[in-house]
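Take a look at the structure below.
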Amino acid sequence: MKCYPVPRENLVLSIDNLKDDIPEEYLSHKECYENVIRKGSVLYDIFSELSKDRKHKAHQAPSNAYRISDGIMQNVNPFLLHFALFVPAITNQATPEQQAEFLKHGFGIIGTYAQTELGHGTFLRGLETTATLDLETDEFVLNSPTLTSYKWWPGGLGHTANHCVVMAQLYVKGKCHGPHLFFVQIRDIETHEPLPGLKLGEIGAKMGFNTADNGFLGFHNFRIPRNNMLMKNSQVLKDGTYVESKNEKLTYGSMVFVRVYLLSDMAYMLARAATISVRYSAVRHQSHIKPDEPEVQILDFVIQQHKLFISIATSHAFKICGLWLWQTYSKVMEDIGKGSMDRLPELHALSCCLKTTSTRDAGWLIEQCRLACGGHGYLMSSNLPSLYTTATAAITYEGESTVLLLQTARYLIKSWKRAMEGESLPATVSFLSEYFNKRYNKWENTPKGIVDGLKLVVAGVTKMCAESIQKHVSRGQQYEEAWNSSSVQLIKASEAYSRALLCEVFWFEVDKVSSTLSNNLAVVLKQLAELYITYWALEKRGDLLVYTTISKDDLDKLQERYEELLALIRPNAVGLVDSFDIRDEILCSTLGAYDGRVYERMMEHALKSPLNAETVNQSFHKYMKPVILKHKI
Ligand SMILES: CCCCCCCC/C=C\CCCCCCCCCCCCCC(=O)SCCNC(=O)CCNC(=O)[C@H](O)C(C)(C)COP(=O)(O)OP(=O)(O)OC[C@H]1O[C@@H](n2cnc3c(N)ncnc32)[C@H](O)[C@@H]1OP(=O)(O)O
Ligand SMILES: Cc1cc2nc3c(=O)[nH]c(=O)nc-3n(C[C@H](O)[C@H](O)[C@H](O)COP(=O)(O)OP(=O)(O)OC[C@H]3O[C@@H](n4cnc5c(N)ncnc54)[C@H](O)[C@@H]3O)c2cc1C
């Protein structure tokens, strides 16, 4: 995947016209969009200049470049899909010749990824947009045969992008070959007018993501050259011959890339929420612990530490697991480049459950950070509401969470069957064989013991699912019906698997590098990793009691250790969030600024409200006064 140079923060943050005079929450829907396009265009220009100086390297961990834009935009960048999906789709799914052709204008074109339709988002084989080969003209004819076939949701599609990669059902000589990707220009480069045969627009206001310019697109006999089908994996020749892909799911590869990336993206979202809420909790004094002493920092309440320290730990867990998953992704992509697809199902399963858990956890943990800041967390100027609505969108986009967990469950059940048949399994599921062969240890109250226990839960629930499916089949259900009947437990198996993976990777990656770190840093990182693992052991104590040999006494000791860890982390809490090193201009929060001038910043921000431009709003004289006077006694 092309990696865009990360413009130095100082360079970007020094540009005056990237700052907002009026806070975005006081702009109209249209003004908001125009404002982010103004700022995004400046960033786009910087990217263009910077990228001319450096060679792009494929398959590098994506830069955090767009995170700078996150701060500048204070909302979602409408150019994001160009970088997140449009370019990666072309890089991963087009031939080298096509890449050279489609990307020859570099930053001269702005693209998006148009897959979801009004009627279908999850079930890709049900997409209705058609691309039909016209042999005589050597073209594909794109059509939206129904209202439900209109592309609906793609970011930047409404008014920003002039090109897109479209997922459409491929028809050749009357035969449907399933979903394929096509490179399509949708607006005139000069005038930006929609091209003839297209219906384009934005889908309207959302609970967040309101500057992403999510749009709709309908095709009416819209023609593109045959060569505009991305043909790296499958081809349509000039004579209409269809050459199928070695694996039809390679077409879904761009989604895997974003799912993999979202883990580290959620790490960053959480780092921001934790920074805001922990710093605020160090500034805010409220109530007493000892009646005869002054009001305390709310961070001294142990329950406040319980609410917030898990977010610090989880941010590190997602960052470390995100790098681990990125390395797996890069290796699998390398193998695919050499013709081996063996690990693609494993990568798909890992990316599905880890994307789901990281986005769900980011959502509820950011909400927990907001609530821990009391009323001031509810102010838009705290930036916690925007962080929440931006993060929670990821639970749905790039694969709805339930659907993706079921994909992982599909892999777990297949792996369990292989374990029963004595086959060797990849390391990420080899514990299923150990469980099946009853090779597992008694409970230990250690991080490794907890990880082993969480794996036993996965194995036990997976076994229960397999037995449930078998039971329904033996009662006469078809396999797919039996699968549906067991789906509540299947989701539980995937959730347990994801949690066990996160705990295992977090603990062992930290343990692995700790000898290379200064003693103090190693101690603190291990405390965070142990806090994370112990937190989840206590959260999942019910499952541990069912599937492991853990005792009530073990649980009491874990609770005690957890509270010890809160106390150990407390002195370093502010230092830990400071070490996320997120500048005020990117944090965009009156509660979380580095200097701790919370109340002054809150008042400064409040005075920027347009309503405060005058002491009496005109509505008093227009509407209130007549009524007051009429009913005055
Ligand atoms: C100005 C400058 C500033 C910006 C600078 C930016 C620089 C930044 C650089 C990089 C940044 C990157 C950052 C990204 C951050 C995130 C931002 C994102 C913003 C929002 C994006 C949102 C985009 C979207 O939402 S796109 C649409 C997403 N849609 C989906 O995910 C659809 C979900 N549905 C599916 O995936 C499938 O339909 C399915 C899997 C649910 C079912 O498919 P199916 O019915 O065909 O399959 P079956 O269930 O029948 O069989 C399953 C079978 O197939 C295998 N399988 C399925 N999927 C895959 C896959 N993807 N890969 C591999 N294999 C797959 C599965 O393993 C099964 O195999 P079996 O062997 O078991 O049969
Ligand atoms: C902010 C945002 C940005 C987006 N950006 C893009 C983009 O740039 N490009 C793009 O193409 N799309 C984009 N999307 C669309 C997104 O990918 C879809 O919303 C997502 O794939 C879910 O599809 P859907 O909304 O049609 O829900 P559906 O597929 O209709 O699912 C609705 C609900 O039905 C249930 N369900 C569905 N299928 C199953 C199943 N097999 N088993 C069990 N339950 C099931 C689940 O509860 C699910 O939540 C975006 C969405 C959002 C919210």
Side-chain angles (χ1 to χ4, degrees), residues 1-7 36 39-48 61-70 72-73 76-89 107 110 112-127 151-157 164-167 178-179 203 206-209 212 214-215 247-262 264-266 332 341 344-349 351-352 355 389-390 392-408 410-411 413-414 483-484 487 491:
M1 175 253 160
K2 289 189 182 305
C3 184
Y4 296 91
V6 182
V36 289
K39 295 190 282 186
S41 302
V42 172
L43 273 178
Y44 209 86
D45 186 32
I46 293 171
F47 264 75
S48 311
S63 67
N64 293 352
Y66 87 103
R67 291 178 179 148
I68 296 176
S69 81
D70 249 8
I72 303 291
M73 301 287 142
V76 179
N77 188 321
F79 299 127
L80 181 57
L81 261 292
H82 174 85
F83 297 93
L85 270 160
F86 176 75
V87 173
F107 286 88
I110 300 162
T112 186
Y113 183 82
Q115 173 176 293
T116 304
E117 297 173 355
L118 196 53
H120 286 90
T122 292
F123 186 57
L124 299 186
R125 287 181 287 142
L127 290 174
K151 293 303 177 186
W152 186 279
W153 273 111
L157 182 61
C164 58
V165 166
V166 175
M167 186 77 88
I203 64 172
K206 304 167 288 270
M207 78 182 262
F209 250 69
N214 302 94
N247 180 327
E248 63 176 7
K249 303 303 181 188
L250 287 173
T251 307
Y252 297 170
S254 311
M255 294 180 276
V256 179
F257 161 70
V258 173
R259 291 169 189 159
V260 166
Y261 189 81
L262 280 170
S264 60
D265 195 41
M266 291 303 121
V332 172
M341 316 253 175
L344 185 56
E346 178 190 11
L347 173 65
H348 172 56
S351 61
C352 282
K355 180 264 184 187
T389 55
T390 303
T392 48
I395 301 171
T396 305
Y397 69 57
E398 215 56 82
E400 192 279 328
S401 60
T402 310
V403 167
L404 295 189
L405 285 174
L406 288 170
Q407 287 292 304
T408 301
R410 186 178 173 127
Y411 179 72
I413 294 297
K414 287 194 165 193
W483 176 269
N484 187 37
S487 53
I491 291 289

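Read the numbers this way: they start at 1 and go in the same order the structure lists the ligands and their atoms.
Numbered from 1 in the order shown, with element, the atoms of ligand 2 that lie under 4.0 Å from a heavy atom of Q115 read 11 (O). The contact set between ligand 1 and G40, taken as ligand atoms under 4.0 Å from a residue heavy atom, comprises 1 (C). Within ligand 1, the atoms closer than 4.0 Å to a non-hydrogen atom of V403 are 41 (C), numbered from 1 in the order shown. Taking a cut-off of under 4.0 Å to the non-hydrogen atoms of Q115, the atoms of ligand 1 that pass are 27 (C), 28 (C), 29 (N), 30 (C), 32 (C). Residue G121 approaches ligand 2 through these ligand atoms, each under 4.0 Å from one of its heavy atoms: 21 (O), 23 (O), 24 (P), 26 (O). Against a heavy-atom cut-off of under 4.0 Å, V403 is close to the following atoms of ligand 2: 37 (C), 38 (N), 39 (C), 40 (C), 45 (C). Atoms of ligand 2 lying under 4.0 Å from at least one heavy atom of T396, given by number and element, are 19 (O), 20 (C). Those atoms of ligand 1 with a heavy atom of G121 less than 4.0 angstrom away are 32 (C).
Here the heavy atom of the protein found nearest to atom 7 (C) of ligand 2 is P154 CA, 3.4 Å. Taking atom 31 (O) of ligand 2 as the reference point, the nearest protein heavy-atom neighbour is T122 OG1, 3.9 Å. For atom 14 (N) of ligand 2, the closest non-hydrogen atom of the protein is W153 CB, 3.5 Å. T402 CG2, 4.2 Å is the protein heavy atom nearest to atom 44 (N) of ligand 2. Among all non-hydrogen protein atoms, the one lying nearest atom 1 (C) of ligand 2 is F209 CD2, 3.6 Å. Looking only at heavy atoms of the protein, atom 9 (N) of ligand 2 is closest to Y113 O, 3.0 Å. The protein heavy-atom contact nearest to atom 18 (C) of ligand 2 is T116 OG1, 4.0 Å. Closest to atom 8 (O) of ligand 2, if we only count protein heavy atoms, is G155 N, 3.0 Å.
At a heavy-atom distance under 4.0 Å, only side-chain atoms of L80, from C-beta outward, approach ligand 1. Counting heavy atoms under 4.0 Å from ligand 1, residue N77 touches it through the side chain alone. With a 4.0 Å cut-off on non-hydrogen atoms, V76 does not touch ligand 1 at all. Of the heavy atoms in L250, none comes closer than 4.0 Å to ligand 1. Heavy atoms of N214 found under 4.0 angstrom from ligand 2 belong exclusively to the side chain. Residue-level proximity to ligand 1 for Y261 is carried by the side chain, the only part with a heavy atom below 4.0 angstrom.
Side-chain contact between H348 and R259 is present, with heavy atoms from C-beta onward closer than 4.5 Å. Residues Y113 and P88 have side chains not in contact (no heavy-atom distance under 4.5 Å, counting atoms from C-beta outward). Under the 4.5 Å side-chain criterion, counting only non-hydrogen atoms from C-beta, L81 is not in contact with F86.
Checking only distances, L406 never comes within under 3.5 Å of ligand 2, N or O to N or O. Polar contact with ligand 2: absent for T112 (N/O pair, distance under 3.5 Å). Where the criterion is an N or O separation shorter than 3.5 Å, residue side chain and backbone included, K414 meets it with respect to ligand 1. For the pair L85 and ligand 1, the shortest N or O to N or O distance does not fall below 3.5 Å. Looking at ligand 1, you won't find any N or O of D265 less than 3.5 Å from one of its N or O atoms.
By heavy-atom distance, the residue among L262, T402, L81, V87 lying nearest atom 16 (C) of ligand 1 is L262. Closest heavy-atom approach to atom 62 (N) of ligand 1 within the set D45, V256, L404, L43: this belongs to V256. Of the listed options E400, K151, Q407, E400 places a heavy atom closest to atom 47 (O) of ligand 2. Between the choices Q407, R125, R410, E398, the shortest heavy-atom distance to atom 26 (S) of ligand 1 belongs to E398. Considering each of H348, M255, H120, the one bringing a non-hydrogen atom nearest atom 57 (C) of ligand 1 is H348. Counting only non-hydrogen atoms, the option in R259, E400, M167, K249 that gets closest to atom 36 (O) of ligand 1 is R259.
The number of heavy-atom neighbours closer than 6.0 Å to CD of E248, taken from other residues, nucleotides and ligands shown, is 12 or below.
With rounding to the nearest 0.5 Å, the separation of OH in Y397 from OG1 in T116 is 13.0 Å. To the nearest 0.5 Å, atoms CH2 (W153) and NZ (K206) are separated by 6.0 Å. One distance of note links CZ of F79 with OG1 of T112; it measures 12.0 Å at 0.5 Å rounding. Interatomic distance, Y44 OH to N77 CG, rounded to the nearest 0.5 Å: 10.0 Å. Taken from CE in M341 to CG in L250, the straight-line distance is 4.5 Å, to the nearest 0.5 Å.
The nearest protein heavy atom to atom 34 (O) of ligand 2 is not closer than 4.0 Å. Not a single protein heavy atom sits closer than 4.0 Å to atom 25 (O) of ligand 2.
I395 and K355 make their closest contact through O-NZ, 3.5 Å (heavy atoms, listed as atom of the first residue, atom of the second, distance). For the pair P154 and Q115, the tightest heavy-atom approach, listed with the atom from each and the gap, is CG-N, 4.3 Å. Across all their heavy atoms, I203 and W152 have their closest contact at CG2-CE2, 3.4 Å. What you find for A212 and V76 is that their closest heavy atoms are CB-CG1, 3.8 Å. Counting all heavy atoms, side chain and backbone alike, K151 lies closest to A114 at CE-O, 3.5 Å. For V260 against S351, the heavy-atom pair with the smallest separation is CG2-CB, 4.0 Å.
Using a non-hydrogen distance threshold of 4.0 Å, G155 does not register as a contact of ligand 1. The shortest separation from a heavy atom of E398 to ligand 2 is under 4.0 Å, placing the residue in contact.
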